[in-house]
Each structure stands twice: as structure tokens, then as C-alpha cells.
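Working notes, beginning with the structure itself.
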Amino acid sequence: MGGRILKPLPRSFFDRPSHEVAPDLLGRVLVHGPVALRLTEVEAYGGPGEDPAAHTYRGKTPRNAVMFGPPGHLYVYFTYGMHYCANLVCLPEDHGSAVLLRAGEIVEGADTARSRRTAPGAAARRLPERDLARGPARLAVALGLHREHNGLDAIHTGSGALAVYAGEPPEPGLVRSGPRTGISTAKDVPWRFWIDGDPTVSPYKAHVPRRRSAAATSVGDTPSS
DNA sequence: ATGCAGATAATCT
DNA sequence: GATTATCTGCATG
């Protein structure tokens, strides 16, 4: 039969700098339980002292500890008071770099992904296929990744529920790179990688400084007069 | 199609 | 107390 056997990626795949792993991750297939996703957009983040935009820039903390662990593990963080984002750790232990999984195409378990992505109360209309994992927080929901999965090993061991497979890498000419999304420092570092023309790639958003609430700025912010 | 504002809490200074 | 590796809904052209 035509059933293609997916080859699991070995740990050594991730034992490289994150900006080398990131573009190589495009087209690979991440499987978590019933849902499989082909990566179409990722971002690399560097280690302490070398990447101001990285969570590890100022060293090890309880939150980013997993990034200082062995490669091939999942780093899941919580942000904006409501979203989870998932990364894959790179380089040997103690380096603190990773690749943020920003978007992908659901290739298996779309019904599961869709129900996870459909809010209880809202959404009378059907969510477009391309939006199921278009953006890092949406991707985490679609794959069912949460805080409890922080530190999980993503290397196929024969028993784990999570693994990354070789998949079909895109045509080299279709891989594009540019500045990372939504960061306030290191804005020019071109460590965002995506597959050109793929509809599941998220729209680029530059960082917008959120203005403090009016109440918080009421004292002492008057210009000279 | 694009743009803005609000949501909402862990984390770090 | 400020910031945040974001998303959604509602507004307008």
C-alpha cells in the first residue's frame, strides 16, 4: 500500500544552534496524540547574553529552566494572561536556546483540533481549515499543549505521546526568513522562517508598545508648562 | 481587506 | 508596577 512510514527525528537533530534548526524544521511533522501538524512557520531564539528577545537573555529562571535542559524537549510558556506557546529546545544542556513553533497545517486529527479551537459559547460559523494552527497560541491549542507539557520529551522513544517526524521538507527556494514577530528588541534579527505562499503562515505583526491605562498615567505625566 | 482596543495573569524589575 | 515570543471582536474602507 501507499502508506508512507514517517521517520522520527533523532535528538541530534536539535543539537545545533536554534537558527540552524529552525529552517530545517519547516515541513516536519509534529504529532501529539490524535493530532499531526506540518510546520510552516517557526522562530529561533538564542541563549543568555546573545539574544535580547529571548526568555533566557538574563539567565536561568524557574520559568525558562527547561530551555537549559537537553535538546528535543518542549518548552511551553504562558503569556498575555491567557495563551500558551510551544518551543523545541536546541543545543546541548545549559545553552538555553529554542525554536518557537508559530504555525502549521493540520494533516491529521483536524476534527479534534477544530473542537479544541472552537470556543464553548461563540463561533456559529465554521473555522477555516487554514486558521486551525495559524499562530503560536492557536497551534498550542490545536495540538493540545498546555503548561503540564512543559519539559516533555519530543524525541520518539517508542512510548511517548509526542514526537517529531521527518515529513517532507519544502522546496529550498520556498523557505523565506525575516524579523521575528511581536518583539520589542533585536527587531532586525531575521530569525523568523516560513514557507512562502503557504496559507497557514500567520500574518507578520510588528511590536506595538501598549499604552498604559489612563488611570496609571494620571500623575506626573504632564509635559512642562 | 486592515486597524485598533480589550482581555487577563505570570513573571521580572 | 510594567511588560508580555497573542488572539478576538468590532470598527471602518
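What you see below is based on every heavy atom in this structure, not just the backbone, and it leaves out hydrogens, waters and symmetry mates. Each chain gets a letter, A, B and so on, in the order its sequence line appears, and its residues count up from 1. Only a predicted model underlies this, so the values are computations on that prediction, with no experimental measurement involved.
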Checklist entry - Under the 6.0 Å and 45° cation-pi test, does A:Arg16 pair with A:Phe13? => result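 Verdict for A:Phe13: a cation-pi partner in A:Arg16.
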With heavy atoms under 4.0 Å as the rule, sort [X] into base, sugar-phosphate or nothing.
| X | result |
| --- | --- |
| A:Ala53 | base |
| A:Ile183 | sugar-phosphate |
| A:Arg180 | nothing |

Checklist entry - Planes under 30° and centres closer than 5.5 Å, is that true for A:Tyr80 with the base of C:dT4? => result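 Whether judged by distance or by angle, A:Tyr80 passes, so it stacks on the base of C:dT4.
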Taking the side chain of [X] as heavy atoms from C-beta outward, which of [options] is closest to it?
| X | options | answer |
| --- | --- | --- |
| A:Met67 | B:dA10, C:dA5, C:dT6 | C:dA5 |
| A:Met82 | C:dT8, C:dA5, B:dT8 | B:dT8 |
| A:Thr61 | C:dT4, C:dT8, B:dC12 | B:dC12 |
| A:Pro62 | C:dA5, C:dT8, B:dC12 | B:dC12 |

Next on the checklist: Tell me whether A:Glu171 at atom CD has more than 12 heavy atoms from other residues, nucleotides or ligands lying less than 6.0 Å away.
Outcome noted: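 Open.
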Checklist entry - Taking atom CD of A:Glu20 as the centre, does the number of heavy atoms from other residues, nucleotides or ligands within less than 6.0 Å exceed 12? => result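 Yes.
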In whole angstrom, what separates [X]'s [atom1] from [N]'s [atom2]?
| X | N | atom1 | atom2 | answer |
| --- | --- | --- | --- | --- |
| A:Leu132 | C:dT8 | CG | C1' | 16 Å |
| A:Phe193 | C:dA5 | CZ | P | 19 Å |
| A:Tyr84 | B:dT8 | OH | P | 15 Å |
| A:His55 | C:dT4 | NE2 | P | 10 Å |
| A:His83 | C:dT8 | NE2 | C1' | 8 Å |
| A:Tyr204 | C:dA5 | OH | C1' | 12 Å |
| A:Arg210 | C:dG1 | CZ | P | 20 Å |
| A:Arg63 | C:dT4 | CZ | P | 11 Å |

Item to check | Watson-Crick/G-U partner (both atom distances under 3.5 Å) of B:dT13 | outcome: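 B:dT13 is unpaired by these criteria.
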Checklist entry - Across all strands, who's sitting opposite B:dA7 as a Watson-Crick or G-U wobble pair, both distances under 3.5 Å? => result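 Base partner found: C:dT6.
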If you compare every side-chain N and O of [X] against the phosphate oxygens of [N] (OP1, OP2), does one of them come in below 4.0 Å?
| X | N | result |
| --- | --- | --- |
| A:His207 | C:dT4 | yes |
| A:Arg192 | C:dA5 | no |
| A:Arg102 | C:dT6 | yes |
| A:Ser184 | C:dT4 | yes |
| A:Arg58 | C:dT3 | no |

Item to check | Check: A:His83 ring centre within less than 6.0 Å of A:Phe78 ring centre | outcome: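 So the answer is no for these two rings.
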Next on the checklist: Run A:Tyr77 and A:His55 through ring pair (Phe, Tyr, Trp, His ring centres under 6.0 Å) and show every step you take.
Outcome noted: CA-CA 10 Å; A:Tyr77 67 90; A:His55 288 170; 4.6 Å; yes
Item to check | 4.5 Å side-chain heavy-atom contact, A:Tyr75 and A:Leu152 | outcome: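 No; the side chains remain at least 4.5 Å from each other.
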